[in-house]
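Numbered from 1 within each chain, the chains take letters A, B, ... in sequence-line order.
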Number of protein chains: 2
Amino acid sequence: MAQLRARPMVVEAVRTTAPCAGCEARPFSVCNALDLRDIERLSSLAVIISVDAGRTFIEEGDPAEFFFNVTAGTAKLFKLLPDGRRQITGFASMGTFLGLAVSSTYAFGAEAVEPMHICRFSRTRLRVVLDEFPAMEKRLLEVASNELVAAQEQMLLLGRKTARERLASFLVSRAAALPAQDTLLADSPAPIDRHGPLRVSLPMTRSDIADYLGLTIETVSRTLTRFKTERLIEIPSASEILIRDLALLAGLSTGMR
Amino acid sequence: MAQLRARPMVVEAVRTTAPCAGCEARPFSVCNALDLRDIERLSSLAVIISVDAGRTFIEEGDPAEFFFNVTAGTAKLFKLLPDGRRQITGFASMGTFLGLAVSSTYAFGAEAVEPMHICRFSRTRLRVVLDEFPAMEKRLLEVASNELVAAQEQMLLLGRKTARERLASFLVSRAAALPAQDTLLADSPAPIDRHGPLRVSLPMTRSDIADYLGLTIETVSRTLTRFKTERLIEIPSASEILIRDLALLAGLSTGMR
DNA sequence: CGGAGAGGTTGATCTGCATCAAGGCAGGAA
DNA sequence: TTCCTGCCTTGATGCAGATCAACCTCTCCG
């Protein structure tokens, strides 16, 4: 259970001032609450940074100087125990807003699992702007509320579900998040109850999945293999899963058998 | 792991329109963001209800018609799996605001563990008022952010801590929450690092504690007994714990030994 | 092309906590 | 008082998932 991990240093490549107006992530993010004129104002505060895969860009306990908005790539958010045990509390992808804590230090760390682009704001300066734009503050409250609901769902998973149910839940939630990731054209309201095969990408390692689900690498691997032999999924490559019957998997995730 | 539970009906005793001005819970709640004039306005929307111990007043999945503000007593918030497994996601006491979800249905259930007084607002009507009082909306964002941090801490507990560490964490967090509960006089910033004995009350049952920590009743009982034999705590009664060395317990809660 | 290293899979064994089982204890009703 | 009834404790046993240990399979780089 206890495994120590290296702590990569926080280094970032600052790129340029942000062109919010043409931002691809805007439709998915809190920034969308503003109209074009206000976006201009926001733009002046934002700095876009690039983060390499494996790079830690938020260190738990460090002074919380910035807010972040993910515009490309995926990060894992995590908390550590002194002996190195790790709990991943979530994955952040395009449109995710980070750094909501009221405290003056970050309550969690964040590390890129894929190369990322991140929009960075000074906390103090964004706070001033937020007072001018109540629409954005309202949007942030919505985001926080949704994350709270997701967090409660994850507590149910971690506290009461079996390994099988955890993996099933994970795959189903990945599948549910899909349309926001690739179907930019269709404006359909998320085909969650689809039956046909569904391709899910897993940019994170088995170790990350294990630390997210409160399991070990071995149990994750074994359980996925078992799903495969049961014809619930296919595993074309380690980072890609094909769901053959989403409804069945969804049932499994809540303990139906 | 699977135990079915009875589902008590939702019945509430409506009392009267709320006198927010003299509300004892106000210093602890979001309402404190408003000045006396605005409080008057808020008062007109609030209805105070009494809830008996054991009564469910929020049913998971029901239409989310109300916001709630706890003014007295304690509630457990929980999510259920179809087979009856339960995860308690938190306890709500004086000052706690409930019902933040954006969704149109409640994402969790709530049941009183002690007799309660609750301040109830119509969601739609409060929303209108919130637009007028950005200070309160801002306060809600703070509350949500803090709960998010607490939720992440709980995920770490549920995903990665041992039974001993979970119980230690639970007792320590109960002790940390103490000053807000009984020390109204002193304005000290929470004596978390105290060493002397510290009295903690546990209004919830062992079953509730188990469902909050992702354990069984038996493990909770055994672990507390072990703490007692190790002279870390005393147990004058089942609903009361005396912490003999908070610092030691706090160390235990993060895996130090 | 080969070799190294990181990540993934599979098998054998162990163990912390769950499950099953039996009392104990305190408070309320008759 | 005695008898419930709900909650808690304690003991014996079982098992899901952790741990320990190979081995496989990529991918990258010389």
Against the side chain of B:Glu218, the closest entry in C:dT9, D:dT9, C:dC20 is C:dC20
Taken to the nearest whole Å, CG/B:Leu224 to P/D:dT9 is 7 Å
Separation of C:dT9 atom P from A:Ile235 atom CD1, nearest Å, is 6 Å
To the nearest angstrom, the CZ-P distance between B:Arg226 and D:dT10 comes to 14 Å
Atom CG of A:Leu202 and atom P of C:dT9 are separated, to the nearest Å, by 11 Å
To the nearest angstrom, the CG-P distance between A:Asp208 and C:dA6 comes to 15 Å
With sugar-phosphate taken as primed atoms, P, OP1 and OP2 and all else as base, the protein-contact string of nucleotides 12-17 of chain C at under 4.0 Å (heavy atoms; B, S, -) is B----S
B:Ile217 atom CD1 is separated from D:dG6 atom P, nearest whole Å, by 13 Å
Is there a salt bridge (charged side-chain N to carboxylate O under 4.0 Å, His left out) between B:Asp211 and A:Arg160 once you walk through the steps? CA-CA 8 Å; B:Asp211 283 349; A:Arg160 290 298 179 216; 2.7 Å; yes
In short, ring pair (Phe, Tyr, Trp, His ring centres under 6.0 Å) pairs touching residues 210-257 of chain B with sequence neighbours left out are B:Phe91-B:Tyr212, B:Phe170-B:Tyr212
Check: Between A:Thr56 (side chain) and A:Glu59 (backbone), is there a donor-acceptor pair under 3.5 Å?
Finding: no
Indicate, with a heavy-atom threshold strictly under 4.0 Å, whether B:Thr225 touches base, sugar-phosphate, or nothing. sugar-phosphate
Given the options B:Leu198, B:Leu246, B:Ile241, B:Leu252, B:Leu171 meets side chain to side chain contact (heavy atoms under 4.5 Å, CB included) only with B:Ile241
Whole-Å distance, A:Leu167 CG to C:dT9 P, equals 11 Å
When you check the gap from the basic side-chain N to the acidic O, do B:Glu230 and B:Arg226 get nearer than 4.0 Å?
yes
Rounded to whole Å, CG of A:Leu158 lies from C1' of D:dG17 at a distance of 15 Å
Check your understanding: Is it true that B:Phe68 and B:Phe97 have ring centroids separated by less than 6.0 Å?
Key -> no
